Amino acid sequence: MALLAQREHSAMELRRKLQRIARDRRLAEADPANEPSIDEAADAGGLEEEVDAVLVWLKANGYLDESRFVESRIHVRSQRFGQRRIEQELAQHGLSMDAEQRATLAAGELDRACELLRRKFGEEPPADAAAEAKRLRFLMGRGFGSELARKAVRQVR
């Protein structure tokens, strides 16, 4: 419960964390010298079943909700990153945005990119082509598309 109290988690992420915690506790309880036991493979199967049972219970009782996790990620990341970067992060968790979330995020992407440029580089236009290229690389590295990055750089001028 302490992990869930800190922030939203995806099922994949929480499974990994719970397996590590359970494995560490079993090793500490079984052998204080931390020497591996002969039945580690059998213990791993039972451990995975226990963790899966906990995850099912958490989902059934509303403590673990992947749609809430997606909303949280979008909210937290949208002010600093573009749609591509957010989608990539969600894919690492085995999740994706629905069409409505994708459309909402895309609608405000140019404004977010311009605001990000203003915060990073100020209101002054780029001095030369190298400065403009630096701004383009900055936005593209944050997950904004190349065409949108060009529009944002032109708009902030």
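Along the sequence shown, the residues carry numbers beginning at 1. All values reported here derive from a predicted model rather than from experimental measurement.
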*Could you identify which residues cluster with V56, counting Ile, Leu, Val, Met, Phe, Trp and Tyr as linked when any side-chain heavy atoms lie under 4.5 Å apart, either directly or through a chain of such contacts?*
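Its cluster mates, by chain and number: none.
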*Tell me who clusters with L139, hydrophobic residues only, linked when side chains sit under 4.5 Å apart either directly or through other members.*
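Once heavy-atom contacts under 4.5 Å are chained together, L139 belongs with L110, L116, L117, F121, L136, F138, F144, L148, V153, V156.
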Rounded to the nearest 0.5 Å, what's the gap from [atom1] on [X] to [atom2] on [Y]? Could you check?
X: D52; Y: Q19; atom1: CG; atom2: CD; result: 7.0 Å
X: L18; Y: E48; atom1: CG; atom2: CD; result: 12.5 Å
X: E13; Y: E8; atom1: CD; atom2: CD; result: 10.5 Å

With a 3.5 Å distance limit and no angle check, can you tell me whether [X] reaches the backbone of [Y] through a side-chain donor-acceptor pair?
X: E87; Y: S96; result: no
X: R112; Y: L105; result: yes
X: E66; Y: A11; result: yes
X: T104; Y: E100; result: yes

_Using the rule salt bridge (charged side-chain N to carboxylate O under 4.0 Å, His left out), only one of R15, R26, R25 pairs with E50; which is it?_
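Of all the options given, the one that passes is R26.
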For residues [X] and [Y]: do they belong to one hydrophobic cluster (side chain heavy atoms under 4.5 Å, members Ile, Leu, Val, Met, Phe, Trp, Tyr)?
X: W57; Y: L64; answer: yes
X: M12; Y: V70; answer: no
X: M140; Y: I86; answer: no

*For E115 and R80, what are the C-alpha separation, side-chain angles and deciding distance, and is it a salt bridge (Lys or Arg N to Asp or Glu O under 4.0 Å)?*
CA-CA 10 Å; E115 181 59 32; R80 295 181 53 212; over 6 Å; no
*asked:* Is there a side-chain contact (heavy atoms from CB on, under 4.5 Å) between C114 and R118? Walk through the geometry before answering.
replied: CA-CA 6 Å; C114 290; R118 286 184 191 103; 3.6 Å; yes
_Partners meeting side chain to side chain donor-acceptor pair (under 3.5 Å) with Q101 (sequence neighbours left out)_ =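 Counting only residues at least two positions away or on another chain, Q101 forms a side chain to side chain donor-acceptor pair (under 3.5 Å) with E71.
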*Any residue meeting side chain to side chain donor-acceptor pair (under 3.5 Å) with S67, in chain and number order, not counting sequence neighbours*: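 For S67, the residues satisfying side chain to side chain donor-acceptor pair (under 3.5 Å) (neighbours in sequence not counted) are D65.
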*Is the count of non-hydrogen atoms from other residues, nucleotides or ligands lying under 6.0 Å from R77 atom CZ greater than 12?*
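Yes, CZ of R77 has more than 12 neighbouring heavy atoms, counting only those of other groups under 6.0 Å.
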*Could you give all pairs that pass the ring-ring contact (aromatic ring centres under 6.0 Å, His included) test and reach residues 68-103, with sequence neighbours left out?*
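The answer is F69-H93.
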*asked:* Set out, in order, the CA-CA distance, both residues' side-chain angles and the distance that settles side-chain contact (heavy atoms from CB on, under 4.5 Å) for E89 and R85, then state yes or no.
replied: CA-CA 6 Å; E89 184 176 336; R85 177 85 171 259; 5.6 Å; no
*asked:* Tell me which pairs pass side-chain hydrogen bond (donor to acceptor under 3.5 Å, both in side chains) where either residue lies in residues 134-152, with sequence neighbours left out.
replied: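 Of all non-adjacent pairs touching residues 134-152, none passes side-chain hydrogen bond (donor to acceptor under 3.5 Å, both in side chains).
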